[in-house]
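Worksheet: the structure to be examined is printed underneath.
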Amino acid sequence: MPFRLLVPFGLLCVLLPLHHGAPGPDGTAPDPAHYRERVKAMFYHAYDSYLENAFPYDELRPLTCDGHDTWGSFSLTLIDALDTLLILGNVSEFQRVVEVLQDNVDFDIDVNASVFETNIRDPSFMEGSFIRLHTLVVGGLLSAHLLSKKAGVEVEAGWPCSGPLLRMAEEAARKLLPAFQTPTGMPYGTVNLLHGVNPGETPVTCTAGIGTFIVEFATLSSLTGDPVFEEVARVALMRLWESRSDIGLVGNHIDVLTGKWVAQDAGIGAGVDSYFEYLVKGAILLQDKKLMAMFLEYNKAIRNYTHFDDWYLWVQMYKGTVSMPVFQSLEAYWPGLQSLIGDIDNAMRTFLNYYTVWKQFGGLPEFYNIPQGYTVEKREGYPLRPELIESAMYLYRATGDPTLLELGRDAVESIEKISKVECGFATIKDLRDHKLDNRMESFFLAETVKYLYLLFDPTNFIHNNGSTFDAVITPYGECILGAGGYIFNTEAHPIDPAALHCCRRLKEEQWEVEDLMREFYSLKRNRSRFQKKTMSSGPWEPPAGPEPPSSPENHDQAREKSAKQKIPLLSCPSQPFTSKLALLGQVFLDSS
Ligand code: DMJ
């Protein structure tokens, strides 16, 4: 590899962490109980200020103590912070916010969700807003829906396979579906919630904008019984997979109409990050070996071409030559992801590299030039991102190594010292002089604070290892929920995998009953045809539904289920199937 480190890293760490924070009782390791309280206080300082000064706008502007819309005018900070409330144990506020959201959020609005930046040479803009909107709104609502019983919200009879928050999530997700209607099945980066894809919309989407749907969309499909969401997400994943280069790498931006790579930088950070994250998390959530096999193949190529001294660089996707010897703050999720596949040693080594950068600046600059050991021009800011803390949380669960708590301590001390203002916590515009920007992104409450709290709270319900669970009786049967194994979407909204299993099973049982009914009625109809000796106009066929998008062979099953779902039930299609099921005996007797 034609790349050499020019400066020894020992010399780079000239600045020590800004604070050492309150020590633990033994005088060394940070005391988790102390930091739990500190993190809680951080949360309420920011959350109360958002409610007081910014709601119903999307985000708080902490320097001017007001609010502004950033992603579409959905009170995003409130949706994003909802499950953090429960993780912090605030059941009553969770319940109040659920009511507020049900009464106030409207997805029938003429907004572009939202303007997608196509400046492909400027990766700090590469976080497609479409994907953030999706992972934040759909993911946040799904997670709140699944946690609502635990939070004491009165749930309806069909929960977790139905409920108002689930319906909201579904409504929001349906607004995004037009974006997937492209020749490749890879979605546009922007969609208008009222009118669909704008004519003249750029067909250039970042890789993460294409590959970051499976967690939310498979959850939606499992809970609602409509396979379309999982199907479009899988098609997009397959198309990306088929578009990888001969050396096994993907680029940064692709034309979704032609399938041609427009930006050919391959790396693990901005523009690509959550694609890799969702291959692993999708594999775990759905117990899907193919998704994991894809990730492991990528992992090999990434190690072969971009890995150097436990850092990850950017390379040209076809040649493997280094294009940017830069570490991006967004890349700090990678050690956490490595821990999810059990590669703890590599994860720890890379984490420690990234931690040296944190120590150098008291935060992670957006870009860090690895050979020079310093920030990159115009990328010196730290918008209070979660990624390094997220990795510390996963690695601490895996190893119990106190170094990981030290990062948590440094983060609390640093953020409080540098970014706390009267009306919340402000983005750090420049880590060299600690100048601030008038912005507090919603991920601060959704992710940064949540991962910090979970790092210091080993007995939180989220860390359940299966030793306790809730048995929920639904009209269709018993579901075992809350046993742990939560999968965090990329915006840190936890999804209970057991709910997917529960609702999927229930829907499958419904399909079986449907099959039985269809068989019964076709037998009966044939018998009566035979008896009456009359001819019909042809064999029975389901009504034409919307064309499913093309999908790989292994999703035939999902298509079959889709077709089954669209078939009107018996001769009374207007009556919902669930009520038929409840009157099963009568249905079979019904000859109308
Ligand atoms: C979050 O919005 C999501 O985690 C996204 O996938 C990447 N980064 C931001 C926070 O840094």
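Counting starts at 1 for both ligands and their atoms, following the listed order. Heavy-atom basis, side chains included; hydrogens, waters and symmetry copies ignored.
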Would you check whether Glu441 reaches within less than 4.0 Å of ligand 1, judged by its heavy atoms? no

Is ligand 1 under 4.0 Å from a heavy atom in the side chain of Leu330, in the backbone, in both, or in neither?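 Leu330 to ligand 1: side-chain contact only, backbone stays beyond 4.0 Å.
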
Once you restrict to heavy atoms under 4.0 Å, what part of Glu387 touches ligand 1? Side chain, backbone, both or neither. side chain

What's the spacing between Asn369 CG and Thr375 OG1 if we round to 0.5 Å? 9.0 Å

Spacing of Tyr368 atom OH and Ser329 atom OG [to the nearest 0.5 Å]: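 Separation between the atoms: 13.0 Å.
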
As a check for students: among Glu366, Glu390, Glu447, Glu277, identify the option with a heavy atom nearest to atom 1 (C) of ligand 1. Glu447

Ignoring hydrogens and geometry, is there a side-chain-to-backbone donor-acceptor pair from His45 to Val421 under 3.5 Å?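 Checked: pair present.
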
Would Arg239 pass as a cation-pi partner of Trp241, given that its NZ or CZ must be under 6.0 Å from the six-membered ring centre and within 45 degrees of the axis?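 No, a cation-pi geometry is absent between Arg239 and Trp241.
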
Give the atom numbers and elements of ligand 1 that come within less than 4.0 Å of a heavy atom of [X].
X	value
Glu491	1 (C), 2 (O), 3 (C)
Phe443	2 (O), 10 (C)
Pro386	10 (C), 11 (O)

I'd like to know if Arg61 and Asp66 make a salt bridge, using a cut-off of under 4.0 Å between side-chain N and carboxylate O.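 Result for this pair is yes, salt bridge flagged.
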
Could you tell me whether Arg385 and Glu366 make a salt bridge, using a distance below 4.0 angstrom between a side-chain N and a carboxylate O? yes

